[in-house]
Amino acid sequence: MKNPIELGSFWLPRQGSTLAERIDSAWAAAYWVSVLFFILVAGATVLFAIKYKRRSERDKTSPIDHSTTVEVVWTLIPLAIVISLFFVGMRGYVHASVAPAEAYEINATGEMYLWTFTYPDGTTTVNELAVPRGRPVRIILSSKDILHAFFIPEFRVKQDVVPGSYTSVWFEATEARETVLLCAEYCGSGHSDMMATVKVLEPSDFDKWLEGNNNSDLPPEELGKLLFAKRSCATCHSLDGTRIQGPSLKAVFGREEELADGAKVVVDENYIRESLFNPGGQVVRGYPPVMPSFKGLLKDKEVDALIAYLKTVK
Amino acid sequence: MSQTVTTLDVNTAPDGGHGTDYIRAQSGIMSWLTTVDHKRIGLMYLISTFIAFAMGGVFALILRLELLTPKQTIMSANTYNQMFTLHGAVMTFLFIIPSIPGALGNFLLPIMIGAKDVAFPKLNLLSLYLYWIGALFTLSSLITGGIDTGWTFYVPYSSTVTTTSVLSVTFGVFILGFSSVLTGLNFIVTMHKLRAPGMGWYKMPLMLWAIYATSIVQILATPVLGITLLLLIAERAFHIGIFDPALGGDPVLYQHFFWFYSHPAVYIMILPGMGIINELISVHARRRIFGYKAIAFSSVAIALVGFLVWGHHMFTSGQSEFAAIMFSFLTFLVAIPSGVKVFNWIATLWRGSISYSAPMLYALSFLILFSIGGLTGIFLGMLSVDLHLHDTYFVVAHFHYVMVGGTVIAYIGGLHHWWPKITGKMYSERLATISCALVFIGFNVTFFSQFIMGSRGMPRRYYNYLDQFQPLHAFSTVGSWILGLGFLVMIICFIKSLRSGAPAPANPWGGLSLEWTTASPPITENFVRTPIVTKGAYDFNTENA
């Protein structure tokens with residue numbers, strides 16, 4: 001994705017959902033009111049500054065210091081305008097707040113610093129949100145740690161993800177293409193990298209995608225390789241020895257690592273499983289304890305597959 | 001130009017037997033540190049807040065440099081997060097909130113009402129000391145590992161996750177709150193009790209109405225911030241579980257508490273700026289202010305309604321839809337008195353005699369920049385539009401247009417306006433005009449591009465960003481250099497004035513409020529005898545109209 005947020009107009013991204021149209025028409029109302037008032041205010045300011053420039057110290061100035069009529073008019077007209085704008089904004093907001101009853105529901109969990117999505121059939125993905133085109137989708141949001149915010153600019157949806165409670169957004173995507181989901185509530189060092197790909201698929205492709213993500217009949221090494229990519233492991237662990245957020249996994253199996261407390265550990269099946277489910281337990285020295293837990297996200301078979309794959313990474 | 005304010009005996013010669021001016025009245029560092037003269041205290045505020053401004057400004061320039069490219073440019077993500085937090089905290093708590101009331105308010109308020117000093121001079125000095133102590137606690141984080149929460153200190157990140165020095169900064173801000181409350185209290189009592197004979201409320205310069213409204217907000221809202229910060233400190237130190245959901249608390253509650261102060265605080269920042277604009281426009285256009293009462297009451301209205309709109313910072317926070325709708329409605333109502341002020345200022349320019357002196361140039365800049373700031377507030381007040389714009393650069397641009405384009409521009413305009421009074425020296429109009437132009441251009445290049453970024457989906461507080469935003473970020477960064485240069489020229493202009501400026505007359509602009517009837521710089525007692533006020537502060541051209 002070279003430009004994951006495609007422009008629709010000079011000001012706004014492409015309209016990727018049915019909500020976008022409504023929100024953009026409210027934007028347009030605010031925009032033209034602002035342009036009009038700006039021209040009035042700035043125009044008068046500049047005009048008066050030129051026209052009434054001081055010519056001499058003896059210039060006479062107007063003695064008029066109030067006019068009730070004028071003041072009432074320039075209070076009431078803007079009041080009427082802003083109240084109408086309030087209603088325009090409120091209508092779109094109410095619409096965006098109430099998801100259609102038949103919406104397809106996906107759970108999304110934010111944590112430092114990734115997004116996890118769980119579909120009704122139990123499929124889970126990390127940093128990849130696939131949705132069917134032309135069908136209302138409701139995303140139920142929760143956070144494992146602190147505040148994040150779910151923001152898809154092309155869909156015009158944004159909602160804080162609050163630990164300890166559920167919030168939600170809904171949208172109906174209108175075009176089959178890819179865009180980006182961003183975190184919009186500051187959440188620490190990885191805040192600006194906390195993003196996911198949003199894939200809008202034709203309904204039939206979406207069904208295939210769901211099936212394909214069950215991946216039940218692949219050989220373990222291949223399933224492991226696939227999972228390694230899908231769970232965004234490479235965001236923090238390189239396979240070529242490069243140091244990123246976490247230790248490189250090049251030739252990791254059988255390697256001896258020194259832990260934060262000075263103890264030594266040999267990377268074997270148990271250590272990998274432990275690191276996936278309880279990543280804060282045995283952290284390699286020199287790395288921050290920031291890896292999220294995959295407990296509940298990986299089935300036993302998938303853990304086996306990841307171990308099998310890591311054995312192949314020389 | 002007729003002198004319409006009557007003083008029985010104006011001290012025009014600093015050494016003329018009526019006492020020396022306040023700067024030379026005593027010498028030695030202790031005479032400053034123990035002074036109870038509101039003018040000296042104001043001057044110390046002026047210098048202190050300017051140091052904070054310079055610091056916050058340098059942080060901003062470094063931040064913009066980092067954002068020149070999408071990935072790492074000159075610093076790590078952690079350093080970046082600490083720096084934008086300090087930029088926000090220093091600019092808000094150490095500069096914008098205390099600057100105008102502390103510096104210009106302190107210096108001018110007693111003189112403008114014809115008093116010798118504020119009602120509680122020692123309390124005034126205590127406010128300054130509290131400001132210094134609060135500043136030390138806040139800035140101590142610089143050497144103890146920084147703070148990376150953003151100036152809003154949102155929980156649970158600030159209470160459970162970050163390992164940076166949240167405690168010292170929040171405690172510093174807590175102390176700064178006391179300074180703010182005491183100053184507000186002092187000003188309110190001063191205005192009620194110490195006005196000179198003849199100075200009715202409607203004869204006060206409008207700047208004082210603005211400071212009065214500001215003071216009300218300060219004493220009513222700031223204690224809430226104090227309590228909130230204490231709760232945050234308790235939460236972080238003792239895990240009491242008010243805000244942390246893991247302990248049964250509610251992080252959204254923190255946001256309610258925080259914005260209950262911090263939205264009114266926006267008016268603590270902008271109202272004094274609006275107050276200054278009245279003086280600049282009427283004096284430098286030699287024109288009766290249009291709609292005195294409308295302007296005066298709109299300040300009070302903004303202060304009061306401003307208490308009811310905090311929830312508009314939380315449209316996407318998960319508060320109830322009903323609450324969001326009410327907050328949106330009230331937000332639109334508070335827009336009206338601000339709009340009325342702008343119309344009144346423009347009507348004051350109409351058929352005026354407009355001088356192109358630096359204070360007026362800043363006032364004209366203010367009208368244009370503040371309008372953009374105000375009008376873009378409409379977008380954010382509209383619920384559905386805010387869903388898209390919330391926490392993007394659009395918000396960053398909006399509040400910089402209001403806070404910098406509004407308050408800071410007004411403050412600097414006011415500083416030029418009263419510079420001769422404060423220092424007894426004239427400044428160079430040529431240098432001042434150059435710096436005003438650089439600031440205006442640099443500011444717009446820096447921040448207008450951020451409106452475009454924001455509406456296109458660029459979130460705020462991002463260290464890395466999508467490649468597609470790079471051209472706009474680069475544009476904004478170049479703008480920040482022009483803006484920085486503008487402020488540098490301004491400082492050079494002021495320093496040059498101190499070293500070699502021409503001596504200032506008592507009334508260089510032909511102003512009619514009381515401060516122009518006393519010497520430049522004033523004597524310690526301000527006036528030799530208590531002035532008696534017979535006319536309003538804006539009665540320009542009453543004879544020859």
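- The candidate with the highest count of non-hydrogen atom pairs below 4.5 Å against chain A, out of Leu367(B), Ile378(B), Ile325(B), is Ile325(B).
- When every heavy atom of Ile336(B) is checked against every heavy atom of Pro78(A), the shortest pair comes out as CD1-C, 3.7 Å.
- Using a 4.5 Å heavy-atom threshold, the side chains of Val395(B) and Arg460(B) count as touching.
- Between Trp345(B) and Phe366(B), the ring center distance clears the sub-6.0 Å criterion.
- Contacts between Phe469(B) and chain A at a heavy-atom distance below 4.5 Å involve the side chain alone, from C-beta outward.
- Contact annotation for residues 19-26 of chain A against chain B (heavy-atom separation below 4.5 Å, listed by residue number): Ile23(A), Ala26(A).
- The aromatic rings of Phe297(B) and Tyr202(B) lie perpendicular to each other, with more than 60° between the two planes, well past the 30° mark.
- Of the listed residues (Pro163(A), Ala42(A), Gly92(A)), the one with the most heavy-atom contacts under 4.5 Å to chain B is Pro163(A).
- Judged by distance alone, the side chain of Thr85(B) and the main-chain N or O of Trp151(B) form no donor-acceptor pair under 3.5 Å.
- Between chain A and the options Gly339(B), Ser328(B), Gly318(B), the largest number of non-hydrogen pairs under 4.5 Å is found for Ser328(B).
- Interface remark: Gln82(B) contributes no atoms to any contact with chain A (heavy atom separation under 4.5 Å).
- In this structure, chain B has heavy atoms under 4.5 Å from both the backbone and the side chain of Phe10(A).
- The part of Leu7(A) that comes within reach of chain B is its side chain, from C-beta onward, which places non-hydrogen atoms under 4.5 angstrom from that chain.
- Heavy-atom distances place the side chain of Thr167(A), and not its backbone, under 4.5 Å from chain B.
- The contact between Val94(A) and chain B is made entirely by side chain atoms (from C-beta outward), counting heavy-atom distances below 4.5 Å.
- Of the listed residues His191(A), Arg91(A), Met90(A), the one with more heavy-atom pairs under 4.5 angstrom with chain B than any other is His191(A).
- Using a 4.5 Å cut-off between heavy atoms, Phe37(A) touches chain B through backbone and side chain atoms alike.
- Put simply, the side chain of Arg287(B) gets close to the backbone of Ala347(B): a donor and an acceptor are under 3.5 Å apart.
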Would Asp148(B) and Tyr157(B) count as a side chain to side chain donor-acceptor pair (under 3.5 Å) here? Give the steps.
CA-CA 9 Å; Asp148(B) 68 346; Tyr157(B) 185 76; 2.8 Å; yes
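- Contacts of Phe329(B) with chain A are made by both backbone and side-chain atoms, with heavy-atom separations under 4.5 Å.
- Contact of Ala184(A) with chain B is made through backbone and side chain together, with heavy-atom distances under 4.5 Å.
- Looking only at heavy-atom pairs under 4.5 Å with chain A, the residue among Gly249(B), Ser371(B), Ser355(B) that has the most is Ser355(B).
- Between chain B and the residues Phe155(A), Phe87(A), Tyr93(A), the largest count of heavy-atom pairs under 4.5 Å involves Tyr93(A).
- Between chain A and the options Ile368(B), Thr152(B), Ile346(B), the largest number of non-hydrogen pairs under 4.5 Å is found for Ile346(B).
- Note on Phe48(A), Phe150(A), Trp74(A): by heavy-atom pairs under 4.5 Å with chain B, the leading option is Trp74(A).
- In this structure, the portion of Val155(B) lying under 4.5 Å from any heavy atom of chain A is its backbone and not its side chain.
- For the pair Tyr462(B) and Tyr80(B), the tightest heavy-atom approach, listed with the atom from each and the gap, is O-OH, 3.5 Å.
- Only the side chain of Val162(A) comes within less than 4.5 Å of a heavy atom in chain B; its backbone stays farther off.
- Using a 4.5 Å cut-off between heavy atoms, Glu71(A) contacts chain B through its side chain alone, with no backbone atom that close.
- Centroid-to-centroid, the aromatic rings of His312(B) and Phe327(B) stay 6.0 Å apart or farther.
- Ranked by heavy-atom pairs under 4.5 Å with chain A, the list Gly374(B), Ser353(B), Gly454(B) is led by Ser353(B).
- Nearest heavy-atom pair across Phe315(B) and Leu380(B) is CE1-O, 3.6 Å.
- With respect to chain A, the highest number of heavy-atom pairs below 4.5 Å among Phe451(B), Phe394(B), Tyr463(B), Phe290(B) belongs to Phe290(B).
- Heavy-atom pairs under 4.5 Å with chain B peak, among Asp145(A), Val88(A), Thr45(A), Leu12(A), at Thr45(A).
- Both the backbone and the side chain of Ser67(A) have a heavy atom closer than 4.5 Å to some heavy atom of chain B.
- Top candidate by heavy-atom pairs under 4.5 Å with chain B, chosen from Pro153(A), Gly164(A), Gly190(A), is Pro153(A).
- In terms of heavy atoms, Met194(A) sits closest to Tyr113(A) at CG-C, 3.7 Å.
- Using a cut-off of 4.0 Å between Lys/Arg side-chain N and Asp/Glu carboxylate O, Glu185(A) and Lys158(A) are scored as not salt-bridged.
- No donor-acceptor pair under 3.5 Å is formed between the side chain of Lys199(A) and the backbone N or O of Glu178(A).
- Between Ser189(A) and Ala77(B), the shortest heavy-atom contact is O-CB, 3.8 Å.
- Residue pairs meeting the side chain to side chain donor-acceptor pair (under 3.5 Å) criterion with at least one partner in residues 29-42 of chain A, sequence neighbours excluded, are Trp11(A)-Tyr31(A).
- Minimum interatomic distance between Gln72(B) and Ser76(B) (heavy atoms only, all atoms of both residues): NE2-N, 4.1 Å.
- Tyr356(B) contributes a side-chain N or O that, together with a main-chain N or O of Ala49(A), makes up a donor-acceptor pair within less than 3.5 Å.
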